Number of protein chains: 2
Amino acid sequence: MKDKRNIKENERFRVKIRAIQDTMFVLGGKWRLPVILSIYSGNKRFNDIAASIPEMTNRVLSKELKHLEENRLINRTIIPDYPVRIEYTITPYCLSTQSVAEPMEKWGKNHIKMLKSQ
Amino acid sequence: MKDKRNIKENERFRVKIRAIQDTMFVLGGKWRLPVILSIYSGNKRFNDIAASIPEMTNRVLSKELKHLEENRLINRTIIPDYPVRIEYTITPYCLSTQSVAEPMEKWGKNHIKMLKSQ
DNA sequence: GCACCAGGTATACTTTAGGATACAGGTATC
DNA sequence: GATACCTGTATCCTAAAGTATACCTGGTGC
């Protein structure tokens with residue numbers, strides 16, 4: 001009886017950590033959420049995004065954009081103007097990342113405060 | 001006027017991404033939150049934690065425990081028994097990581113569902 | 001023609017995360 | 001005396017993340 005419960009509980013635990021690791025895989029890393037936030041706040045073009053996060057090199061930006069596109073968090077659209085422009089926009093699905101980004105922002109701010117108060 | 005607002009907004013944006021990056025630094029990575037969760041769910045000893053997450057090697061566990069201790073998320077106490085035991089417990093401050101871990105768990109579960117439904 | 005811009009890619013590098021394996025040092029047990 | 005358990009550490013390695021710098025292509029403006 002107790003064993004059965006432990007097995008079930010362990011199963012729940014493993015599902016939990018797998019979910020967290022998946023999130024980490026998709027949204028983890030130093031630049032992913034910042035890039036999403038930058039696009040969300042209105043930057044559509046490569047150089048605009050790059051300018052909004054000057055510490056990130058354009059090679060990294062290029063890679064992150066690809067990763068985000070592959071995970072359906074952003075759209076890359078080619079505008080056939082002269083000259084051709086490329087616009088990045090977040091997908092409706094991407095809005096769900098807010099539920100992760102916001103608590104992380106809060107926690108980070110609080111953590112800095114905590115460190116300072118010591 | 002408009003410039004002033006943009007500068008202010010930009011400042012807010014930079015504060016935001018710094019906070020997220022700090023959180024990533026402390027809680028990011030494949031194993032950090034799982035280790036916290038394992039301790040939270042009752043595992044106090046090195047081998048118990050290791051057994052609860054068999055995919056992680058003990059070298060990685062050792063490193064993560066050190067990192068978590070340095071960031072005041074767990075306590076390491078030596079129990080002077082024979083043989084000497086060592087117990088890891090989460091700090092009160094560590095409870096605040098729930099506010100990050102839970103949304104990540106939810107998002108990860110939803111993400112998997114999203115991928116499957118395509 | 002020439003310089004310049006947008007939106008990247010190429011190349012080469014360093015750093016960090018994470019993994020595989022072994023085993024140490026003390027206690028306890030057979 | 002040999003062996004096993006506990007809590008890790010040591011050594012070596014690979015892969016991924018991130019950095020630095022240069023360069024490309026196809027326009028535009030002068």
Side-chain angles (χ1 to χ4, degrees), chain A residues 17-18 20-36 38-39 42-71 73-90 104, chain B residues 17-18 20-39 42-71 73-89 104:
Chain A
I17 70 176
R18 223 173 300 144
I20 288 177
Q21 289 181 336
D22 281 330
T23 303
M24 275 294 175
F25 177 74
V26 178
L27 300 180
K30 202 171 168 184
W31 302 113
R32 239 93 102 171
L33 284 173
V35 168
I36 289 175
S38 173
I39 299 175
N43 297 308
K44 291 177 190 304
R45 316 210 9 213
F46 191 89
N47 281 355
D48 293 345
I49 302 166
S52 75
I53 315 172
E55 301 83 7
M56 180 182 50
T57 63
N58 51 2
R59 179 184 183 275
V60 172
L61 176 54
S62 176
K63 278 196 164 188
E64 298 299 33
L65 287 172
K66 233 171 243 167
H67 174 93
L68 293 174
E69 201 194 347
E70 276 163 10
N71 286 277
L73 293 168
I74 61 173
N75 286 126
R76 181 184 193 269
T77 35
I78 300 166
I79 315 262
D81 249 10
Y82 296 97
V84 170
R85 278 176 303 134
I86 288 158
E87 280 194 6
Y88 295 95
T89 48
I90 61 171
M104 285 186 68
Chain B
I17 69 177
R18 223 173 301 143
I20 288 178
Q21 287 181 337
D22 281 330
T23 303
M24 275 295 175
F25 176 74
V26 178
L27 300 179
K30 201 170 168 184
W31 302 113
R32 240 94 101 170
L33 285 173
V35 168
I36 289 175
L37 251 39
S38 172
I39 299 174
N43 297 308
K44 291 179 190 302
R45 311 195 31 198
F46 191 90
N47 280 355
D48 293 345
I49 303 165
S52 75
I53 315 173
E55 301 84 7
M56 180 182 50
T57 63
N58 50 2
R59 179 188 183 274
V60 171
L61 176 54
S62 175
K63 279 197 163 187
E64 298 300 35
L65 289 170
K66 233 173 242 168
H67 174 93
L68 294 174
E69 199 194 349
E70 275 163 12
N71 286 277
L73 293 168
I74 61 173
N75 286 127
R76 179 183 193 270
T77 35
I78 300 165
I79 314 263
D81 250 11
Y82 297 98
V84 169
R85 278 176 303 131
I86 288 157
E87 279 193 8
Y88 295 95
T89 48
M104 285 186 69

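For the numbers below, each heavy atom of this structure counts, side chains included, while hydrogens, waters and symmetry mates do not. By convention in this document, chain letters (A, B, ...) are assigned in the order of the sequence lines, proteins followed by strands, and residues within each chain are numbered from 1. Predicted model only: the values in this text are computed from it and were never measured.
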Check your understanding: Which one, C:dA20, C:dG7, D:dT7, comes nearest to the side chain of A:Arg45?
Key -> C:dG7

Review point. Closer than 4.0 Å, any side-chain N/O of A:Ser62 to the OP1 or OP2 of C:dT9?
Key: yes

Check your understanding: Between atom CG in A:Asp48 and atom P in C:dC5, what is the gap in whole Å?
Key -> 15 Å

Practice item. Find which nucleotide of DNA chain D each of B:Asn47 and A:Phe25 is nearest to by heavy atoms, and output the residue with the more 5' nucleotide. Key: B:Asn47

**Study point:** From C:dG18, C:dA10, C:dA22, nucleotide with atom closest to B:Arg59 side chain
**Key:** C:dG18

Check your understanding: Between C:dA17 atom C1' and B:Leu27 atom CG, what is the distance in whole Å?
Key -> 16 Å

Review point. Between D:dA17 atom C1' and A:Met56 atom CE, what is the distance in whole Å?
Key: 14 Å

Check your understanding: Among D:dC6, C:dG8, C:dG18, which nucleotide sits nearest the side chain of B:Trp31?
Key -> C:dG18

Review point. For A:Lys30, which contact category applies under a 4.0 Å heavy-atom criterion: base, sugar-phosphate, or nothing?
Key: sugar-phosphate

Check your understanding: Has the side chain of B:Asn58 got a donor or acceptor atom sitting under 3.5 Å from an opposite partner on the base of D:dG8?
Key -> yes

**Study point:** Nearest atoms (heavy-atom pairs only) where B:Val60 meets B:Trp31
**Key:** CG1-CD1, 3.5 Å

Check your understanding: Of all residues at least two apart in sequence or in a different chain, which pass the side chain to side chain contact (heavy atoms under 4.5 Å, CB included) check with A:Asn43?
Key -> A:Ser38, A:Ser41, A:Asp48, A:Ile49, A:Ser52

Review point. Under 4.5 Å between any side-chain heavy atoms of B:Ile39 and B:Leu65, yes or no?
Key: yes

**Study point:** Sugar-phosphate, base or nothing in reach of A:Glu87, heavy atoms under 4.0 Å
**Key:** nothing

Check your understanding: C:dA6 C1' sits how many Å from A:Arg76 CZ, rounded?
Key -> 12 Å

Revision key, fill the gap. Sequence neighbours excluded, the answer for side chain to side chain contact (heavy atoms under 4.5 Å, CB included) partners of A:Arg59 is A:Thr57, A:Lys63

Exercise for review: Choose from D:dT7, C:dG18, C:dG19 the nucleotide whose nearest atom is closest to any side-chain atom of B:Phe46.
Suggested key: D:dT7

Review point. Whole Å only: how far is the CG atom of A:Leu61 from the C1' atom of C:dA6?
Key: 13 Å

Revision key, fill the gap. Taken to the nearest whole Å, NZ/B:Lys63 to C1'/C:dA17 is 7 Å

Check your understanding: Does the base of C:dT27 carry an N or O that pairs as donor and acceptor with the side chain of B:Arg85 under 3.5 Å?
Key -> no

Review point. Roughly how many Å is it from CD in B:Glu64 to P in C:dG19, rounded to a whole number?
Key: 9 Å

Point to revise | Whole-Å gap separating C1' (D:dA16) and NZ (A:Lys66) | key: 16 Å

Check your understanding: Checking all strands, does A:Tyr88 fall into the base, sugar-phosphate, or nothing category for heavy-atom contacts under 4.0 angstrom?
Key -> sugar-phosphate

Point to revise | A:Lys30 side chain reached by B:Met24 side chain, heavy atoms, under 4.5 Å | key: no

